[in-house]
Colleague: 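My structure is below; once you've seen it, I'll send some questions.
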Amino acid sequence: MYCRFLLSFLALTLWHAVHRVHGGDPYAFFDWDVSYLTAAPLGVKQQVIGISGSFPGPIVNVTTNWNVVINVRNHLDEPLLVTWNGLQHRKNSWVDGVSGTNCPIPPGWNWTYQFQVKDQIGSFFYFPSTNFQRAAGGYGGITINNRDIIPLPFGTPDGDLTIFISDWYNADYKELRKNLQSGNDLGPPDGVVINGLGPYRYNSSVVGDGIIYETINVEPGKTYRFRVHNAGISTSLNFRIQNHNLLLVETEGSYTVQQNYTNMDIHVGQSFSFLVTMDQNASSDYYVVASSRFMDPSVRDKLIGVAILHYSNSQGPAFGPLPDGPNEADTYFSMNQARSIRWNVTASAARPNPQGSFRYGEITVTEVYVLLNRPPELINGQLRTTLNGISYFAPPTPLKLAQLFNVPGVYKLDFPNRAMDRPAKLDTSVINGTYKAFMEIVLQNNGTTVQNYHLDGYAFFVVGMDFGLWTENSRGTYNKWDGVARSTTQVFPGAWTAILVYMDNVGMWNLRSENLNTWYLGQEVYISVVNPEDGSNKTELPLPDNAIFCGALSSLQKEQSNKYIFSEASSVPSKIKILLLCILMALLHLKY
């Protein structure tokens, strides 16, 4: 078994070497152990999910068009999938890492994700996508850098920092999951963490002794790129740094019009890049704050994460009150701030042509879906969440595998484009997306909390949002020139958000609530995009050789299946052999 794995790994590495010699796109290899760790983010010892011993996990730092190979070993006691929030996986939904595309990695097994970060730049993150595991961590950053031939639309920063902000519960994620299954609300979180650590003790009546906090070390006069991700469960957070401006430059793969903000609302699943210049006199350290938004005043004081920005020449600890956030009574602040984020249409991104060369406002919309979210409701005696009255039921066989192998009865291509006048139901209903259609999706939130929606496989254009009910006349307010292209957008309670997306990426793609509780209870749907004329893998890659099979296709699973056979200890001599063989290949190429 070891030899078989070694031969596969060796073949991949040699293929990589040949492509590098011939000028192909580089490869980046990662080897991860996903396991439980003991930590105390808010001062209470609990089990979290770490990657190779770290929480949050390591950063995947690559460059546009690189090939990424990540070997994931599952040391948890339940199945695992890792998804890559915002990566488009062009032609390759096979590695998207959600239940509709992949069988999960069983405990004690490993699986190797292989994908190309094709034509993308920017700030993203990964996390476990099933079993409510993201509530325990398991997340980490993804940084995709510009190729050297494409300049940044701003000066090169002096440093690059990844910051995770998140609401946090002291209860184990399995207990939280059980509460949801029992029809109970999660209740308010116990606090807010920054990079997996609790708040600095800015107020002894609010923050107890002994909590470890994050310190961000910087040099005076330098400018740093802060990549800030909200990897939480359901809480919108406001991010700010005492006495420092946040110059917004990028969000989820799009360079933005550069604007200064004193604070930014970052909703669940969203990622932003800010340039922050260390232009203060360093008479003391400074507070870095992530505080809850739209929460009950009785719990708001405890839902504040605080880290420390420490200049190398700082003369003392941070002091004084925390910097003010937005006025909670101003319900329009967050929406107006979101509307102010614009696409930098003159900047190049993954390609040298300007972002604005794709004139989305001039394309005719050919498909329209209005997706209605309502508060959780009882379906067959269970509390569930819905879109258009349908609560997604995840079948044992992933939709994408069922599609390839023509397994009957797994799903239906009949998701309604409007809410139906009928009782809510559990179903596996899929949107039948037309290849190269230009789809308008209106997200209408009739619930009482902010909902955040993410679409795998694409960046969509956020063209409008407003309070009230969307109507056909709402299109008159759309931004058809520089609406930002991203993969996650917020929808405020009693409001709507409209997005436009060009369906040119073949695959089975997940459209979901990023709010973990509503996602877990069924608020998601898949969009099937098929090119009927493709018979040669031009628009979709074939099923990976290492695919795991489950459900109705379990009999196809081979015994070698990816069980642990590649440990750190055993990999050392293998890598030496591979290195020698790569050198030999290079020499042979030079000779002939």
Side-chain angles (χ1 to χ4, degrees), residues 37-46 48-59 61 123 125 127 134 136-141 143 157-170 189-204 206-219 222 224-233 235 237-244 246 263-264 266 270-274 276 278 280 282 284-292 302-312 314 316-320 322-323 325:
L37 306 174
T38 299
L42 298 176
V44 177
K45 281 190 177 182
Q46 63 185 122
V48 303
I49 296 176
I51 297 179
S52 298
S54 73
F55 163 66
I59 296 172
N61 193 332
S123 308
F125 67 100
F127 60 84
R134 193 179 81 205
Y139 49 73
T143 296
D158 298 296
D160 200 298
L161 302 167
T162 295
I163 307 292
F164 280 99
I165 58 178
S166 169
D167 56 2
W168 193 263
Y169 290 80
N170 287 327
D190 294 299
V192 171
V193 298
I194 298 179
N195 283 351
L197 299 175
Y200 173 79
R201 201 174 190 216
Y202 68 96
N203 185 331
S204 60
V206 177
V207 183
D209 285 329
I211 293 179
I212 300 172
Y213 57 87
E214 174 77 334
T215 298
I216 302 167
N217 295 303
V218 295
E219 294 293 330
K222 303 289 188 182
Y224 295 82
R225 183 172 180 173
F226 281 65
R227 301 177 191 262
V228 187
H229 312 272
N230 186 338
I233 294 176
T235 307
L237 298 171
N238 182 268
F239 181 79
R240 54 198 184 272
I241 303 176
Q242 185 182 25
N243 292 0
H244 291 74
L246 307 173
N263 62 79
M264 176 64 73
I266 304 178
Q270 291 187 334
S271 301
F272 288 91
S273 279
F274 307 101
V276 183
M278 304 305 136
Q280 298 302 298
S284 69
D285 293 340
Y286 297 92
Y287 296 124
V288 179
V289 179
S291 60
S292 68
K302 74 172 184 176
L303 299 182
I304 301 177
V306 183
I308 292 298
L309 186 73
H310 174 72
Y311 282 52
S312 61
S314 173
F319 67 93
L322 299 179

Colleague: Begin from the C-alpha positions of F272 and F239 and carry the test side-chain contact (heavy atoms from CB on, under 4.5 Å) through to its verdict.
Modeller: CA-CA 10 Å; F272 288 91; F239 181 79; over 6 Å; no

Colleague: Start with the C-alpha gap between L246 and V276, add the side-chain angles, then the distance that decides, and say whether side-chain contact (heavy atoms from CB on, under 4.5 Å) holds.
Modeller: CA-CA 6 Å; L246 307 173; V276 183; 3.9 Å; yes

Colleague: Look at the side chain of R240 and the backbone N and O of V289, then say whether any donor-acceptor pair between them is shorter than 3.5 Å.
Modeller: no

Colleague: State the NZ-CG distance between K302 and L42, to the nearest 0.5 angstrom.
Modeller: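 Interatomic distance, K302 NZ to L42 CG, rounded to 0.5 Å: 9.5 Å.
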
Colleague: Calculate, to the nearest 0.5 Å, the distance between atoms CD1 and CG belonging to I241 and N263 respectively.
Modeller: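 Reported value, rounded in 0.5 Å steps: 11.5 Å.
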
Colleague: Would you call the rings of Y200 and Y213 parallel, tilted or perpendicular, where under 30° means parallel and over 60° means perpendicular?
Modeller: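 Geometry flag for Y213 against Y200: perpendicular rings.
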
Colleague: Which residues pass the ring pair (Phe, Tyr, Trp, His ring centres under 6.0 Å) test with F226, sequence neighbours left out?
Modeller: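 If we apply the ring pair (Phe, Tyr, Trp, His ring centres under 6.0 Å) test to F226, skipping adjacent residues, there are no hits.
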
Colleague: Looking only at non-hydrogen atoms, find the nearest pair between S284 and S314 and report the distance.
Modeller: C-OG, 3.4 Å

Colleague: Can you tell me how far apart OH (Y224) and CD (E219) are? Round to the nearest 0.5 Å.
Modeller: 5.0 Å

Colleague: Any heavy-atom pair between the side chains of S166 and Y139 that's under 4.5 Å?
Modeller: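 A side-chain contact exists here, since the closest heavy-atom pair is under 4.5 Å.
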
Colleague: Once you round to the nearest 0.5 Å, how far does CG of L237 lie from CE of M264?
Modeller: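 It is 13.5 Å, given to the nearest 0.5 Å.
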
Colleague: Looking at G198 and I211, what are the two nearest heavy atoms and their distance?
Modeller: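 Where G198 meets I211 most closely, the heavy atoms are CA-CG2, 3.7 Å.
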
Colleague: Side-chain contact, heavy-atom cut-off 4.5 Å: I304 with P199?
Modeller: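 Of all side-chain heavy-atom pairs linking P199 with I304, none is under 4.5 Å.
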
Colleague: In sequence, state the C-alpha distance, the side-chain angles, and the governing distance for L303 and D167, and then conclude on side-chain contact (heavy atoms from CB on, under 4.5 Å).
Modeller: CA-CA 8 Å; L303 299 182; D167 56 2; over 6 Å; no

Colleague: Please identify each residue that fulfils side chain to side chain contact (heavy atoms under 4.5 Å, CB included) with Q280, with sequence neighbours left out.
Modeller: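 By the side chain to side chain contact (heavy atoms under 4.5 Å, CB included) rule, Q280 matches N243, H244, Y286, Y311.
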
Colleague: Have a look at F55 and tell me which of W168, F164, F127 forms a ring pair (Phe, Tyr, Trp, His ring centres under 6.0 Å) with it.
Modeller: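 Only one option passes, and that is W168.
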
Colleague: Which atom pair, heavy atoms only, marks the closest approach of R134 to A231?
Modeller: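 That would be NE-O, 3.7 Å.
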
Colleague: State the CD1-NE2 distance between I163 and H229, to the nearest 0.5 angstrom.
Modeller: 9.0 Å

Colleague: Can you tell me how far apart CG (L161) and OG (S273) are? Round to the nearest 0.5 Å.
Modeller: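 If I round to the nearest 0.5 Å, the distance is 10.5 Å.
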
Colleague: Compare all side-chain heavy atoms of I308 with those of Y287 and state whether any distance is below 4.5 angstrom.
Modeller: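 Side chain of I308 against side chain of Y287, heavy atoms only: contact under 4.5 Å found.
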
Colleague: Could you pull out the closest heavy-atom pair between E214 and L197, with the gap in Å?
Modeller: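 Here E214 and L197 meet closest at OE1-CD1, 3.6 Å.
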
Colleague: Quick check: closest heavy atoms across S123 and S271, and the distance to 0.1 Å?
Modeller: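 Smallest heavy-atom distance, with atoms named: O-CB, 3.5 Å.
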
Colleague: So R227 and D160, do their side chains get closer than 4.5 Å, heavy atoms only?
Modeller: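 Yes, at least one pair of side-chain atoms sits under 4.5 Å.
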
Colleague: For the residue pair G50 and L37, what are the closest heavy atoms and their distance?
Modeller: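 Scanning both residues completely, I find the closest heavy atoms to be CA-CD1, 3.6 Å.
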
Colleague: Within the distance-only criterion (no hydrogens, no angle test), does the side chain of N230 pair as donor or acceptor with the backbone N or O of T235 below 3.5 angstrom?
Modeller: yes

